[in-house]
Amino acid sequence: MSAPALIALVDCNNFFVSCERVFNPLWHDRPLVVLSNNDGCAVARSNEVKALGVKMGTPWFQMKDVARRYGIVGLSSNFVLYGDMSDRVTAVLREFSDEVEVYSIDESFVGLGSACAGAESPAATGQAMRRRVLQCTGLPVCVGIAPTKTLAKLANHIAKTQPHFDGVCDLSAMTESMLQLQLSQIEVGEIWGIGRRMADRLQRLGITTAGALRAAPLKRLRAGFGVVMERIVSELRGIPCLSLDEVEQPRQQLIASRSFGVPVRTVEELGEAISTHVSRASERLRRQELVCGAVHVNIATSRFADTERRYLNSITVGLPEATGDSRVLAGAALSGLTRIFREDCHYKKAGVVLLDLSPSSVCQHRLFNPAADDARSAQLMVALDAVNARYGRDTLRLGSAGLERRWQGRSENRTPRYTTNWDELPLARA
DNA sequence: TCTGGGGTCCTAGGACCC
DNA sequence: TCTGGGGTCCTAGGACCC
């Protein structure tokens with residue numbers, strides 16, 4: 001059997017910040033953050049800002065003092081620009097290999113089967129990629145090379161954090177003892193697929209590093225953590241469980257959501273916002289040549305509102321026929337909103353509800369690929385319709401009970417709860 | 001005053017059927 | 001007092017990712 005083909009993970013360094021620097025050299029030496037929508041919080045940080053200890057997702061207003069003291073520049077995000085830069089990086093990578101899986105806006109997996117032909121080593125190919133991407137786009141990238149995706153991610157982490165690797169780390173070139181030494185220095189939470197919760201659980205079992213997880217008994221982990229963990233551990237051992245997907249799959253859902261900058265006080269405003277969301281979503285839907293079979297509307301008060309009562313409710317409206325027609329989708333979304341309100345007795349009594357809180361709304365579309373199995377789509381759509389017709393408001397109640405449990409499970413000191421009962425909300429009356 | 005906006009996959013458990 | 005078992009489909013929720 002031949003050695004498994006190698007995979008490279010090519011990841012742009014501080015991607016959004018680097019994109020901004022390409023177009024404004026003045027910012028090369030300044031500590032920089034790129035901010036989320038409404039300039040809410042930091043979604044990208046330059047190395048200088050990272051060194052100051054500013055965490056990903058820190059709200060801008062909370063770092064204003066630090067920003068003033070150290071001259072941090074905060075920039076509004078420009079996702080059209082980042083998408084364009086991302087496409088350029090992908091185009092360069094395709095010069096090296098036919099097997100390119102665009103994993104996210106700033107990283108791609110690249111199959112090195114053909115890319116290494118004629119090259120002195122996989123690492124040399126990685127260096128060539130770095131030079132070429134920098135030359136063509138101005139963006140710095142790091143490359144991690146390994147026999148599996150999970151190891152390639154860790155290799156990339158090593159390339160980024162240990163300067164003597166010069167931006168390229170090939171784990172397949174290491175001896176077993178060198179590999180184990182590297183992995184034993186990486187916290188278990190750094191592994192791709194291990195989030196905070198899993199990391200906590202593993203740490204309680206004494207498994208604190210990637211090396212320890214790699215050496216832990218597979219069967220016990222499978223029993224305790226499920227199939228996802230089994231795959232991660234196998235991948236750490238060099239057994240590929242996640243294939244390279246070069247062909248982009250159509251989306252299964254498409255979400256348009258925004259937090260409101262100001263409190264929304266009337267149902268009418270909410271309705272207008274939902275129409276706007278639907279129209280944005282439909283536009284993307286059509287651009288991706290998809291149709292959708294159901295519309296999901298979710299409204300919630302601000303997660304940060306300092307009030308005892310929080311409101312969160314949602315509804316799924318199935319469509320008789322999959323469509324991308326924004327008028328039909330808006331109609332479905334608004335009927336969902338109406339239904340949420342109709343099922344509240346307070347609304348019925350008062351006629352008008354004024355929300356004196358700051359809600360955010362989400363509009364979500366479940367999509368079906370028209371080129372795929374139509375019968376399956378139809379069945380699913382009918383099923384969604386059937387569910388809503390059968391259970392009506394009970395569906396909502398079940399949902400809210402689950403959320404309540406979840407919320408209580410997460411907060412230790414105080415247990416504010418979500419309610420779907422308007423009577424429990426501090427509402428201004430019309 | 002101000003706290004992002006997208007996505008995916010897996011599993012438990014209920015409804016329903018034979 | 002007795003109270004099948006196996007199967008499918010579906011949803012909500014939980015976990016993760018960037």
Side-chain angles (χ1 to χ4, degrees), chain A residues 9 11-12 14-16 33-44 55-64 74 76-77 79 82-83 86 102-108 149-150 153 189-201 222 225-232 241-242 245 248-263 277 280-281 284 294 296 298 302-306 314-316 318 358 360-367 376 379-388 390-391 394-407 409-410:
Chain A
L9 176 71
D11 189 307
C12 301
N14 312 331
F15 182 57
F16 301 160
V33 294
V34 171
L35 301 168
S36 65
N37 218 277
N38 295 336
D39 294 342
C41 57
V43 292
K55 298 273 178 281
M56 182 74 166
T58 303
W60 177 240
F61 74 90
Q62 277 178 12
M63 55 186 280
K64 278 249 170 87
S76 299
S77 50
F79 282 95
Y82 310 148
S86 177
V102 179
Y103 175 68
S104 75
I105 195 164
D106 71 338
E107 60 189 300
S108 289
K149 284 180 160 181
T150 305
K153 288 282 268 187
E190 286 290 339
I191 300 167
W192 189 40
I194 307 284
R196 223 191 61 223
R197 307 210 147 234
M198 297 262 242
D200 285 351
R201 284 180 62 198
R222 158 82 213 222
F225 292 83
V227 65
V228 177
M229 180 64 81
E230 185 183 29
R231 283 202 284 254
I232 290 171
C241 300
L242 306 168
D245 298 318
E248 200 180 336
Q249 298 300 312
R251 298 248 169 291
Q252 296 182 51
Q253 61 174 30
L254 190 154
I255 297 174
S257 81
R258 281 285 179 283
S259 300
F260 289 100
V262 294
H277 284 52
R280 282 199 307 129
R284 286 160 52 198
H296 184 82
N298 181 63
S302 166
R303 288 174 298 146
F304 302 95
D306 187 21
S314 68
I315 196 164
T316 302
S358 185
S360 63
S361 90
V362 178
C363 177
Q364 172 180 321
H365 294 213
R366 287 187 186 281
L367 308 178
R376 191 179 163 274
Q379 189 191 3
L380 190 51
M381 282 180 281
V382 170
L384 282 172
D385 262 350
V387 166
N388 285 325
R390 256 201 316 273
Y391 299 115
D394 285 337
T395 306
L396 300 176
R397 283 188 169 171
L398 284 172
S400 68
L403 283 162
E404 205 172 293
R405 277 198 300 278
R406 181 163 60 162
W407 178 256
R410 280 184 187 176

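Chain identifiers are assigned alphabetically (A, B, ...) following the order of the sequence lines, protein sequences preceding nucleic acid strands; residue numbering begins at 1 within each chain. Side chains included, hydrogens not; waters and symmetry mates left out as well; all remaining heavy atoms used.
Among the atoms of the strands shown, only primed sugar atoms or phosphate atoms (P, OP1, OP2) are found under 4.0 Å from some heavy atom of A:Asp106. As judged by a 4.0 angstrom heavy-atom cut-off over every strand, A:Ile194 is placed among residues touching the sugar-phosphate backbone only. Residue A:Ile232 is classed as having no contact, given no heavy-atom separation below 4.0 Å to the nucleic acid. Among the protein residues, A:Tyr103 comes within range of the sugar-phosphate backbone only, with heavy atoms under 4.0 Å from sugar or phosphate atoms but none that close to a base. Within 4.0 Å of A:Trp192, counting heavy atoms only, lie sugar-phosphate atoms of the nucleic acid but no base atom.
At least one donor-acceptor pair closer than 3.5 Å links the side chain of A:Ser86 to the backbone N or O of A:Ile105. A donor-acceptor pair under 3.5 Å is absent between the side-chain atoms of A:Thr58 and the main chain of A:Ala42, judged by distance alone.
Listed nucleotides B:dT3, C:dC18, B:dC10 differ in distance to A:Cys41; the shortest reach to its side chain belongs to B:dT3. Taking only side-chain atoms of A:Arg284, from C-beta outward, the nucleotide of C:dC18, C:dC16, B:dG7 with the closest atom is B:dG7. Nearest nucleotide to the side chain of A:Phe61, out of B:dG7, C:dC18, B:dC2: B:dC2. Side-chain proximity of A:Ser36 to B:dG6, B:dG4, C:dC16: nearest is B:dG4. Residue A:Arg231 has its side chain nearest to B:dC9 when only B:dT3, C:dC18, B:dC9 are considered. Side-chain atoms of A:Val227 lie closest to B:dT11 of the nucleotides B:dT3, B:dT11, C:dC17.
For the atom pair CD1 (A:Ile191) and OG1 (A:Thr150), the distance works out to 8.5 Å, reported to the nearest 0.5 Å.
Scanning DNA chain C for stems, defined as runs of 3 or more consecutive Watson-Crick or G-U wobble pairs whose donor-acceptor distances all fall under 3.5 Å, gives the following ranges: B:5-18 with C:5-18.
Here the side chains of A:Tyr82 and A:Ser77 are in contact, with some heavy-atom distance below 4.5 Å. Using a 4.5 Å heavy-atom threshold, the side chains of A:Glu107 and A:Leu9 count as touching. When side chains are defined from C-beta on, A:Met229 counts as touching A:Met198, because their heavy atoms get closer than 4.5 Å. Residues A:Val33 and A:Phe16 form no side-chain contact, since every pair of their non-hydrogen atoms from C-beta on lies 4.5 Å or further apart.
For A:Arg280 and B:dG5, the shortest distance from a side-chain N or O to OP1 or OP2 is not below 4.0 Å. Listed pair A:Lys153 / C:dC18 meets the phosphate criterion, a side-chain N or O lying under 4.0 Å from OP1 or OP2.
Rounded to whole Å, atom P of B:dG5 lies 20 Å from atom CZ of A:Phe15. Distance CZ (A:Arg197) to C1' (B:dC10): 16 Å, rounded to an integer number of Å. With rounding to whole Å, A:Arg201 atom CZ is found 14 Å from C:dC16 atom C1'. We find that CZ of A:Arg196 is positioned 11 Å from P of C:dC17, with the value rounded to whole Å. Between A:Phe16 atom CZ and B:dG5 atom C1' there is a gap of 10 Å when expressed in whole angstrom units. Rounded to an integer number of Å, the gap from CG of A:Asp245 to P of B:dC9 is 10 Å. Remark: P of B:dT1 and CG of A:Asp39 are 18 Å apart, rounded to the nearest angstrom. Atom pair A:Met56:CE and B:dT3:P shows a separation of 17 Å (rounding to whole Å applied).
Mapping A:Val43 and A:Arg222 onto DNA chain B by nearest heavy atom places A:Val43 closer to the 5' end of the strand.
The C1' atoms of C:dG4 and B:dC17 are separated by 14 Å, rounded to the nearest whole Å.
Comment: A:Lys153 does not engage A:Glu190 in a salt bridge, judged by the lack of any side-chain N to carboxylate O separation of less than 4.0 angstrom.
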